[in-house]
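A short write-up of the structure that comes next.
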Amino acid sequence: MRMIQERATARHGRMRRANAAIAAVLVVFAVMIVAKLGGAGEGGGGEQASPFPTGDAAAAIVTTLTSVPPAVLDQVGTGSAEVLPQPVTGQQVLTDGGKPLVLYVGAEYCPFCAAQRWPVVVALSRFGTFSGLTITASASDDVYPNTPTVSFHGSTYTSDVLTFQGVETSSRTRKGGSYTPLDQLTPQQAQLVQKFNAPPYVDAKSAGSIPFIDFANQAIAGGASFSPQLLAGMTAQQVATALSDPGSPVAKAVNGNANAITAVLCKLTAGKPANVCTTPAVTAFQGKV
């Protein structure tokens, strides 16, 4: 009987030691995993995950943004658009490859650029197709921090009737006293900015500011057409989704300004495509841009 009890005691002891060993191994693995995650992106060869949607999630947002239903745009009409592109007279139409050229100059850290990209993309998507748009936000240490948006950096635009150049001069990442550089203006782009982003084409108080848009030297837009405050606390997904609700403040601001931009683009393309340029969304701005 005593032997049986000793064997049982020994067996229980071995089980306790085995369980202790297993627990120790699990602790070691847990420490290794934490160390691996903690060291990612800190010089150990790991990559830091993007704080913004990528892959399929980002593609879904871009699809929603670039395919706002025409019926919604018509219903919004002028919306809350008040700051409209200003016509330029006496200038020859600027072209690229035989098509009117639209030049956008901004920066990823800029919250006003972040706001303005929404109507620019909505409008241009009615004339052509974007590829390579990425989801991002304005700088976290600037006014209206983390305004959700897309970036033109690395993107391309294809259209039968227009050309578009989107320049993002700086990122949203601060390095020292400034933000890291991205795209560099070409000599032609720099000349256009120097000439048209100054009086008499823009107000003296906003001269040289971004975002700056040159609509083939026929119209100029300086600054944002609505306040980034409207998008405060929202994600890019929430903004894109709101564009399909004509009663939402976001749709009234973004789609209303997109309709104004569309009306300017229709002038550049001589009313093409007709299924865009004859809609109520465009005719609502007749005589205003």
**Request:** Please examine the side chains of L162 and L265, heavy atoms only from C-beta on, and report whether any two atoms are closer than 4.5 Å.
**Result:** yes
**Message:** Is there a continuous path of hydrophobic side-chain contacts, each under 4.5 Å between heavy atoms, that joins V276 to V68?
**Reply:** yes
**Prompt:** Donor-acceptor pair, Y157 side chain versus G128 backbone, under 3.5 Å?
**Reply:** yes
**Prompt:** Do T180 and T173 have side-chain N/O donor and acceptor atoms under 3.5 Å apart?
**Reply:** no
**Message:** Taking atom CD as the centre, does Q238 end up with more than 12 heavy-atom neighbours from other residues, nucleotides or ligands that are less than 6.0 angstrom away?
**Reply:** yes
**Request:** Report the C-alpha separation of I220 and V88 in whole Å, then their side-chain angles, then the decisive distance to 0.1 Å, and conclude whether the side chain to side chain contact (heavy atoms under 4.5 Å, CB included) test is met.
**Result:** CA-CA 7 Å; I220 297 296; V88 172; 3.5 Å; yes
**Request:** Can you spot which of V62, L65, T54 makes a side-chain contact (heavy atoms from CB on, under 4.5 Å) with I135?
**Result:** V62
**Request:** Would you check if Q116 and I213 make a side-chain contact, meaning some heavy-atom pair closer than 4.5 Å?
**Result:** yes
**Prompt:** Hey, does the side chain of K288 reach the backbone of A260 with a donor-acceptor pair shorter than 3.5 angstrom?
**Reply:** no
**Prompt:** Taking all atoms of both residues into account, what is the closest heavy-atom pair of A263 and F285, and its distance?
**Reply:** CB-CB, 3.9 Å
**Message:** Using a 6.0 Å cut-off, check whether atom CD of E82 has over 12 heavy atoms from anything other than its own residue.
**Reply:** no
**Message:** Using 0.5 Å steps for rounding, measure from the NZ atom of K175 to the OG atom of S170.
**Reply:** 12.5 Å
**Prompt:** Is there a path from F112 to V202 through hydrophobic residues (I, L, V, M, F, W, Y) whose side chains come within less than 4.5 Å of each other?
**Reply:** no
**Asked** Quick one: CD1 on I210 to SG on C113, what's the gap to the nearest 0.5 Å?
**Response** 4.0 Å
**Asked** Hey, is the main chain of V289 close enough, under 3.5 Å, to the side chain of K267 for a donor-acceptor pair?
**Response** yes
**Request:** Taking the side chain as every heavy atom from C-beta outward, state whether V143 and P111 have any atom pair closer than 4.5 Å.
**Result:** yes
**Asked** Between L231 and V239, does a side chain to side chain contact (heavy atoms under 4.5 Å, CB included) hold up when you go through it step by step?
**Response** CA-CA 7 Å; L231 309 182; V239 176; 4.1 Å; yes
**Asked** Between the main-chain N or O of A251 and the side-chain N or O of S248, is there a donor-acceptor pair closer than 3.5 Å?
**Response** yes
**Fill in**
All heavy atoms of L230 vs all of V250, minimum pair found to be CD2-CA, 3.9 Å
**Request:** Quick one: list whatever passes side chain to side chain donor-acceptor pair (under 3.5 Å) with T283, sequence neighbours left out.
**Result:** none
**Prompt:** Would you say V72 and N255 make side-chain contact, with heavy atoms under 4.5 Å?
**Reply:** yes
**Rounded distance (nearest 0.5 Å) linking atom OG1 of T235 with atom CZ of F52** = 11.5 Å
**Asked** Is there a side chain to side chain contact (heavy atoms under 4.5 Å, CB included) between Q218 and L268 once you walk through the steps?
**Response** CA-CA 8 Å; Q218 303 304 296; L268 301 181; 3.7 Å; yes
**Fill in**
Rounded to the nearest 0.5 angstrom, the CG-CG distance for L192 and N217 is 5.5 Å
**Asked** With no hydrogens and no angle check, is any side-chain donor or acceptor of N197 less than 3.5 Å from a backbone partner on S209?
**Response** yes
**Asked** Any donor-acceptor pair under 3.5 Å linking the side chain of D183 with the backbone of T169?
**Response** no
**Request:** For residues A204 and P199, report the shortest heavy-atom separation together with the two atoms involved.
**Result:** CA-CG, 3.7 Å
**Message:** Using 0.5 Å steps for rounding, measure from the CG atom of L182 to the OG atom of S171.
**Reply:** 5.0 Å
**Request:** Verify side chain to side chain contact (heavy atoms under 4.5 Å, CB included) between L84 and S225, making sure each step is shown before the conclusion.
**Result:** CA-CA 7 Å; L84 307 178; S225 55; over 6 Å; no
**Request:** Report yes if some heavy atom in the side chain of D214 is under 4.5 Å from a heavy atom in the side chain of L101; otherwise report no.
**Result:** no
**Prompt:** Just by distance, with hydrogens left out, do S151 and E108 show a side-chain donor and acceptor under 3.5 Å apart?
**Reply:** yes
**Request:** Indicate yes or no: at least one non-hydrogen side-chain atom of V282 is less than 4.5 angstrom from one of T279.
**Result:** yes
**Complete:** For K205 and D203, the nearest pair of non-hydrogen atoms, with its separation, is N-OD2, 2.8 Å
Quick one: side chains of residues 118-126, donor-acceptor pairs under 3.5 Å with protein atoms, not counting sequence neighbours, listed by atom name and distance.
from, atom 1, to, atom 2, distance (Å)
W118, NE1, P148, O, 2.9
S125, OG, V121, O, 2.7

**Smallest separation among heavy atoms of V161 and S159, with atom names** = N-OG, 3.1 Å
**Request:** Flag yes if L94 and V193 sit in one hydrophobic cluster, no otherwise; membership is Ile, Leu, Val, Met, Phe, Trp, Tyr, and two members link when side-chain heavy atoms are under 4.5 Å apart.
**Result:** yes
**Message:** Closer than 3.5 angstrom, by distance alone: can the side chain of R172 be matched with the main-chain N or O of S138 as a donor-acceptor pair?
**Reply:** yes
**Prompt:** Between Y179 and R174, is any side-chain donor less than 3.5 angstrom from a side-chain acceptor?
**Reply:** yes
**Request:** For T136 and T149, indicate whether the former's side chain and the latter's backbone hold a donor-acceptor pair under 3.5 Å.
**Result:** no
**Request:** Without swapping roles, check the side chain of E168 against the backbone of A107 for a donor-acceptor pair under 3.5 Å.
**Result:** yes
**Asked** Can you tell me if T129 and T158 form a side-chain donor-acceptor pair at under 3.5 Å?
**Response** no
**Request:** Take atom NZ of K272 as the centre, draw a 6.0 Å sphere, and report whether it contains more than 12 heavy atoms from other residues, nucleotides or ligands.
**Result:** no
**Request:** Compare all side-chain heavy atoms of Q165 with those of Y104 and state whether any distance is below 4.5 angstrom.
**Result:** no
**Message:** Hydrophobic clustering (ILVMFWY, side-chain heavy atoms < 4.5 Å, transitive) - are F130 and V150 grouped together?
**Reply:** yes
**Request:** Drop me the distance from Q194's CD to Q189's CD, to the nearest 0.5 angstrom.
**Result:** 14.0 Å
**Asked** Considering only heavy atoms from C-beta outward, does the side chain of F215 approach that of I261 to under 4.5 Å?
**Response** yes
**Prompt:** Is it true that F164 and F127 have ring centroids separated by less than 6.0 Å?
**Reply:** no
**Minimum heavy-atom distance A219-V264, with the two atoms named** = CB-CG1, 4.0 Å
**Prompt:** Quick check: does any side chain N or O of T278 sit under 3.5 Å from a backbone N or O of N275, one acting as donor and the other as acceptor?
**Reply:** no
